[in-house]
Number of protein chains: 2
Amino acid sequence: MSSSGGRGAVTMHDVAALAGVSVKTVSNVVNDYPHIRPATREKVQKAIDELGYRMNLSARSLRQGRTGIIGLALPELSLPYFAELADSVIRAAEARGVVVLIEQTGADRQHELDVLTSDRRQLTDGLIFSPLELGPDDADALKVDYPLVVLGERIFGGDWDHVTMNNVDAARAATQHLIDQGRRRIAVIGAHAGETMGSAALRVLGYQAALAANGIPLDPDLIVEGGLWHRATGAECIDHLVGTGVEFDAVFGLNDALALGALHALHARGIDVPDTVAVIGFDDIEDAAYTSPTLSSISPGREQIAQEAVDLLLARIAGGDEAFRRVIADFALVPRESTGS
Amino acid sequence: MSSSGGRGAVTMHDVAALAGVSVKTVSNVVNDYPHIRPATREKVQKAIDELGYRMNLSARSLRQGRTGIIGLALPELSLPYFAELADSVIRAAEARGVVVLIEQTGADRQHELDVLTSDRRQLTDGLIFSPLELGPDDADALKVDYPLVVLGERIFGGDWDHVTMNNVDAARAATQHLIDQGRRRIAVIGAHAGETMGSAALRVLGYQAALAANGIPLDPDLIVEGGLWHRATGAECIDHLVGTGVEFDAVFGLNDALALGALHALHARGIDVPDTVAVIGFDDIEDAAYTSPTLSSISPGREQIAQEAVDLLLARIAGGDEAFRRVIADFALVPRESTGS
DNA sequence: GGACGCATGTGCAACGTTGTAAATCCTAGC
DNA sequence: GCTAGGATTTACAACGTTGCACATGCGTCC
């Protein structure tokens with residue numbers, strides 16, 4: 001009856017007493033120590049089952065200096081890309097026997113800094129960190145004394161493991177796709193002025209490279225600023241573009257949320273997608289396949305990113321090799337209706 | 001320089017030694033024990049700062065029997081409703097000084113049962129559980145010996161706290177809204193045959209009530225089954241409806257994902273929304289405001305649900321009152337373009 | 001026949017913190 | 001100056017587990 005749970009205080013001592021062995025033997029059984037006679041193992045297992053024993057993880061953590069918890073710090077779960085990323089990270093972690101503590105930074109720089117030194121780091125064996133606001137100037141803050149894996153592009157070349165994607169090439173592919181459809185006046189929305197690093201800057205770089213490779217002149221009026229990559233921002237960018245009267249026949253949203261906001265705003269103004277304006281996004285969130293029209297996008301290999309990140313972190317936690325690694329995930333162009341496919 | 005972090009082993013003993021007090025005094029300072037001389041407190045604080053001391057939370061947990069972590073079990077984060085719910089729960093928890101461990105059940109019954117008895121329950125002080133597949137027969141499994149707050153409708157009247165919404169009334173309001181727009185052939189998508197409990201059954205009940213109240217006959221052909229409430233299912237439901245040739249001028253998606261899938265499928269078939277077919281969803285996910293056309297929905301008071309759930313759980317963890325409570329969150333109709341607003 | 005070596009099981013201490021109860025310090029009251 | 005009584009501080013044990021070093025048991029090799 002007593003069920004399990006933990007509150008109810010059945011410890012290794014109880015199991016040991018019932019099985020007639022020492023506490024340490026129970027510990028050995030639980031931890032799959034190899035040298036145990038089958039009979040003993042069975043006896044102990046029976047006692048465990050009978051009492052509904054569950055390991056006290058706090059005690060184990062105290063003793064081992066490990067919690068079996070990894071942290072995942074990201075901007076916010078209500079952004080679909082990060083929700084899907086979290087989903088993948090949790091699955092990957094579960095497959096490897098650890099659990100995930102999620103912290104939201106709200107894309108606030110101070111909050112991102114805080115997360116690195118929070119008391120909670122003491123509760124996790126390591127951190128997978130996806131910063132949005134930290135820049136090269138904050139590199140020092142990332143020199144932490146616990147295992148850290150950084151996702152994304154904001155800060156290069158520090159002493160930590162890094163999982164990223166080739167933003168430049170991916171953005172170039174997205175832009176090239178628009179060009180292949182015959183578009184020449186391609187707007188980019190969500191740019192971050194003044195940044196030379198980070199996803200925004202790199203993706204704009206890829207955009208420029210594609211234009212250059214096709215001999216299309218760069219029109220600064222087609223590059224629209226947009227701080228937060230939310231749907232609302234995407235809509236505002238379109239409003240801005242239309243407001244300035246600049247001509248455009250395609251929109252490259254630096255992420256899908258921006259592109260979705262753009263779709264929305266274009267639709268509201270009666271501008272046909274893709275006939276009048278083609279739209280492509282970046283991230284390939286689940287939504288992209290269900291909008292009207294469906295949204296072309298760049299699939300960033302989210303699953304791969306999540307798994308690599310967890311693997312790198314666990315390797316770092318386990319100790320061993322010293323070299324910090326950079327993993328670059330694969331991307332793929334996913335053409336859909338919004339670019340006429 | 002040594003920064004903080006925790007790996008690096010500075011304990012209360014170190015602080016005590018540096019400050020020239022006992023370990024317990026350090027503990028007292030850290031825990032804001034009232035009777036400490038200001039001079040002592042200052043001395044200790046200085047030592048703490050100097051050494052960059054951080055409390056070892058595993059040790060504290062072991063000693064106190066509490067971890068400061070609460071669990072949140074939900075189907076999957078890639079479903080926008082649950083991502084947004086998780087966002088709200090994490091915020092609410094943070095405001096109250098606890099952190100959240102998320103477990104995904106994948107909407108699998110066995111996985112939902114496992115989560116209740118998992119070793120991880122030992123790591124959390126309590127659980128907020130949003131089951132999708134458990135039914136009344138599983139009520140016994142929910143009789144656990146740790147603090148539990150159940151979200152949603154699947155299982156009523158057990159010995160646990162419950163945060164829910166009035167699904168029947170909300171569904172009735174959604175249906176009534178469609179009727180108010182002059183619709184009479186209203187399809188429902190995502191129904192679960194044979195269930196008498198759970199969101200699906202209750203929302204269908206509200207749908208039926210609205211029809212009855214307006215003297216509209218119930219046509220079973222307009223009630224379309226749909227197990228998983230994903231976008232893909234919503235699209236399939238529309239395909240099914242169209243396939244059977246049954247006439248309809250409105251669709252009530254039992255959640256927004258279904259409704260979004262329906263919008264998609266209707267668009268693909270060239271059926272105009274809302275002129276030919278009006279569509280309403282349920283959950284009011286962020287997406288609903290950005291689709292084309294924007295999606296009318298029922299806002300379930302997600303923020304309120306999250307806060308109440310965390311508050312109930314923390315109250316239960318703190319002990320105290322014995323009576324199990326049921327909180328019913330408010331809902332609101334949010335009319336948008338998809339119903340002609 | 002004795003010793004060696006591996007398989008198996010055990011006792012003890014320690015992980016870092018906090019509850020308890022008791023020690024010590026002060027200040028006011030006489 | 002002396003003492004009661006609250007304010008402060010402290011020593012000790014215990015939370016449940018595991019690493020370590022060691023004890024025991026047993027088959028095998030010379």
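Reminder, nothing fancy here: chain letters follow the sequence lines and each chain counts from 1.
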Just how far, in rounded Å, is C1' of D:dT18 from CE of A:Met55? 9 Å
Whole angstrom value for the distance that separates P of D:dT17 from CG of A:Leu62: 12 Å
B:Leu132 backbone acceptor or donor facing B:Glu112 side chain under 3.5 Å: yes
Any donor and acceptor pair, going by atom type alone, linking the side chain of B:His13 with main-chain N or O of B:Ser22 inside 3.5 Å? no
Under 4.0 Å between a side-chain N or O of A:Ser27 and OP1 or OP2 of D:dT17? no
What is the distance from NE2 of A:His13 to P of D:dA14, rounded to the nearest Å? 11 Å
Does the protein touch nucleotides 5-13 of chain C at the base, only the backbone, or not at all? Give it as B, S and - per nucleotide, heavy atoms under 4.0 Å. --SBSBB-B
Per the end-axis method with five pairs at each terminus, what is the bend angle of the helix from C:dG1-D:dC30 to C:dC30-D:dG1, to 10°? 50°
Mind calculating the distance between CG (B:Asn56) and C1' (C:dT18) to the nearest angstrom? 13 Å
Rounded to whole Å, how long is the line connecting atom CG of B:Asp119 with atom P of D:dT17? 11 Å
Tell me the interatomic distance from B:Leu123, atom CG, to D:dG16, atom P, rounded to whole angstroms. 16 Å
Is there side-chain contact between B:Leu127 and B:Val115, with at least one heavy-atom pair below 4.5 Å? yes
May I ask you to decide if B:Gln122's main-chain N or O and B:Tyr146's side chain share a donor-acceptor pair within less than 3.5 Å? no
Residue whose closest nucleotide on DNA chain D lies nearer the 5' end, A:Val26 versus B:Ala59: B:Ala59
Nearest-Å distance, CE (B:Met12) to C1' (D:dT10)? 14 Å
Taking B:Asp108 for the side chain and B:Thr105 for the main chain, is one N or O donor matched with an acceptor at less than 3.5 Å? no
Short side-chain to backbone donor-acceptor contact, A:Arg60 and A:Asn56, under 3.5 Å: no
